[in-house]
Amino acid sequence: MFDIKNTPAKPLVWQVGALCRAIADALAARFNPVTVRGELSGVSRAASGHCYFTLKDATGQLRCAMFKRAAAGLAFVPRDGELVEVTGKLSVYEPRGDLQLIVESMSRAGQGSLFEQFLLLKAKLEAEGLFEASRKRPLPLMPRAIGLVTSLGAAALHDVVTALQRRLPHIPVLLAPASVQGAQAPAELTQSLLNLYLLTQSEQGLEADFPYKKARGVATPPPVDVILLVRGGGAMEDLWAFNDEQLARVIASSPVPVICGVGHETDFTIADFVADLRAPTPTAAAELVAQPRDAWLGALDGVQRRLQDALNRHLDRQSQRLDTAVARLGRPSARLAGQRLRLSGCAQTLQSATRHALQVHRQQLQRLSEHPPLALQRGLQVHHQRLERATLRLSLLDPQLVLQRGYAWLSDNAGCAITRTAQTHAGQSIAATLMDGTVDLTVTPQKSLKLPTI
């Protein structure tokens with residue numbers, strides 16, 4: 001016979017879901033409702049309106065969910081790093097077996113320690129001018145090489161490489177690996193950036209920096225014209241390496257533009273503010289620096305078509321000019337005949353113009369001879385009167401009129417006129433010119449003359 005008393009009891013076998021519900025009931029009976037103070041981390045809002053985040057402090061962390069009804073009543077927008085007090089009920093999320101707090105209300109309790117450090121460093125660097133827009137540099141239109149700083153195991157590396165391979169497969173990408181999370185991450189990121197800065201020199205400088213590659217037949221890398229600093233999303237503590245002061249100063253000293261694509265669109269780090277350009281995601285950072293190759297090829301095709309059209313038009317015009325020149329050169333007799341025709345026409349035109357001009361002048365002369373102008377007649381009359389007056393005055397001065405009155409003109413043998421007695425002497429031969437001739441006289445001694453008294 002079988003002794004029931006000595007048979008060992010079988011252990012209770014739980015179904016997974018039943019055990020989760022039992023644990024949830026135990027938590028509800030022991031703790032709920034519960035109020036917790038902690039720092040927000042990894043805050044996200046789903047499309048449904050539910051809000052998910054993690055509460056953490058120095059010793060632990062707790063996953064939380066705040067459903068749409070409760071989230072709609074918030075008086076502020078929860079952000080990573082804020083210190084809050086939440087009230088809710090502990091439960092177990094059965095599909096994953098995770099402990100979570102269903103939050104019913106939330107209020108601010110101050111700034112978290114990490115967020116406070118972030119604000120202090122941000123204010124310090126901003127006061128130094130590291131965030132000024134004037135120091136931001138434009139991105140190169142077509143970089144010769146792209147520098148990339150990220151982790152070898154990060155999903156961001158795959159996203160960036162895929163985007164660059166799709167858009168600019170001909171542009172080399174130089175990877176400087178570094179940790180993007182953890183205590184060693186800031187130093188590794190800083191060193192990787194400094195290593196890439198050495199590759200931003202001229203091609204001659206690069207050849208000097210890589211003599212071993214030349215010796216091994218490895219091509220010298222082209223100069224880096226832009227640097228991508230990327231990492232995927234995460235909580236504030238996951239992205240904390242990009243809030244390092246030394247890293248920020250190294251980014252600010254970069255000789256080429258730096259694009260920072262860290263986290264998601266809502267994540268901001270000090271590196272984002274210092275970089276020349278912030279991208280919302282790593283993929284967006286790659287797209288900002290890489291214009292699609294198809295766009296460049298399309299633009300080149302357009303330029304090629306315009307050049308080809310312009311060349312064809314130029315060749316057509318030159319061909320027409322050449323045809324015209326050949327036609328003229330091949331028929332000189334036709335050109336000569338044309339010139340003769342032109343010359344004959346010019347001669348006829350000249351003859352006709354000359355005959356017409358002569359006919360016009362003849363007509364004018366004929367009109368002048370038949371009908372002299374009144375002014376010409378008056379001028380001739382005035383000159384005629386002046387001539388008559390001059391003739392009269394001249395006739396009055398005729399010495400013949402004086403001789404007709406009985407006077408004589410005496411002259412010596414030399415023909416000089418004798419007007420005084422002192423010019424004569426006894427025995428001198430003189431000539432007396434009278435009205436009708438000349439009489440020769442001889443001077444006799446002078447006798448005193450008595451003049452009649454009147």
Side-chain angles (χ1 to χ4, degrees), residues 303-425 428-443 454:
V303 172
Q304 181 182 7
R305 287 193 298 270
R306 290 195 296 273
L307 288 176
Q308 187 65 43
D309 293 342
L311 180 60
N312 291 336
R313 289 194 299 270
H314 179 73
L315 290 176
D316 292 341
R317 288 194 298 268
Q318 296 302 320
S319 298
Q320 291 178 354
R321 292 182 59 188
L322 181 60
D323 293 341
T324 303
V326 169
R328 291 177 178 177
L329 183 62
R331 296 193 299 272
S333 58
R335 183 172 180 82
L336 181 59
Q339 296 297 330
R340 286 176 178 173
L341 290 175
R342 289 183 60 188
L343 182 60
S344 176
C346 291
Q348 292 178 1
T349 303
L350 181 60
Q351 292 176 0
S352 177
T354 304
R355 286 194 298 268
H356 177 71
L358 289 176
Q359 184 177 359
V360 170
H361 287 300
R362 288 195 187 100
Q363 293 175 355
Q364 291 178 351
L365 289 175
Q366 185 176 359
R367 287 196 299 269
L368 289 176
S369 61
E370 293 177 354
H371 305 285
L374 181 59
L376 180 59
Q377 294 178 3
R378 291 178 179 177
L380 291 176
Q381 184 177 2
V382 170
H383 286 292
H384 183 67
Q385 293 175 357
R386 290 177 62 187
L387 182 59
E388 289 180 349
R389 290 194 295 270
T391 302
L392 179 59
R393 288 196 297 269
L394 185 61
S395 63
L396 292 176
L397 297 176
D398 188 2
Q400 191 69 24
L401 296 177
V402 178
L403 295 178
Q404 289 179 1
R405 293 199 300 267
Y407 293 97
W409 181 66
L410 301 179
S411 61
D412 58 11
N413 294 332
C416 295
I418 299 175
T419 59
R420 293 180 179 84
T421 58
Q423 293 179 289
T424 62
H425 57 84
Q428 181 181 2
S429 296
I430 60 176
T433 302
L434 303 177
M435 181 187 69
D436 57 353
T438 302
V439 176
D440 294 329
L441 303 176
T442 302
V443 178
I454 301 175

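Numbering starts at 1 and runs along the sequence shown.
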Visitor: Quick check: closest heavy atoms across Ser429 and Asn413, and the distance to 0.1 Å?
Guide: O-OD1, 3.4 Å
Visitor: With Arg420, which residues qualify under side chain to side chain contact (heavy atoms under 4.5 Å, CB included), at least two apart?
Guide: Gln423
Visitor: Evaluate whether atom CD of Gln304 has more than 12 neighbouring non-hydrogen atoms of other residues, nucleotides or ligands under 6.0 angstrom away.
Guide: no
Visitor: Anything under 3.5 Å between a donor and an acceptor, one on a side chain of residues 337-360, the other on a protein residue two or more places apart or in another chain? List them.
Guide:
| from | atom 1 | to | atom 2 | distance (Å) |
| --- | --- | --- | --- | --- |
| Thr349 | OG1 | Gly345 | O | 2.8 |
| Thr354 | OG1 | Leu350 | O | 2.8 |

Visitor: Side chains of Ile430 and Ser411: closer than 4.5 Å at any heavy-atom pair?
Guide: no
Visitor: Determine all donor-acceptor pairs shorter than 3.5 Å in which one atom belongs to a side chain in residues 311-320; sequence neighbours excluded.
Guide:
| from | atom 1 | to | atom 2 | distance (Å) |
| --- | --- | --- | --- | --- |
| Asn312 | OD1 | Gln308 | NE2 | 3.2 |
| Asn312 | ND2 | Gln308 | O | 3.1 |
| Ser319 | OG | Leu315 | O | 2.7 |

Visitor: Taking the side chain as C-beta and beyond, is there a heavy-atom pair between Gln428 and Asp412 under 4.5 Å?
Guide: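 Yes, at least one pair of side-chain atoms sits under 4.5 Å.
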Visitor: Rounded at 0.5 Å granularity, tell me how far CD1 in Ile418 sits from CG in Leu441.
Guide: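 So the gap between those two atoms works out to 9.5 Å.
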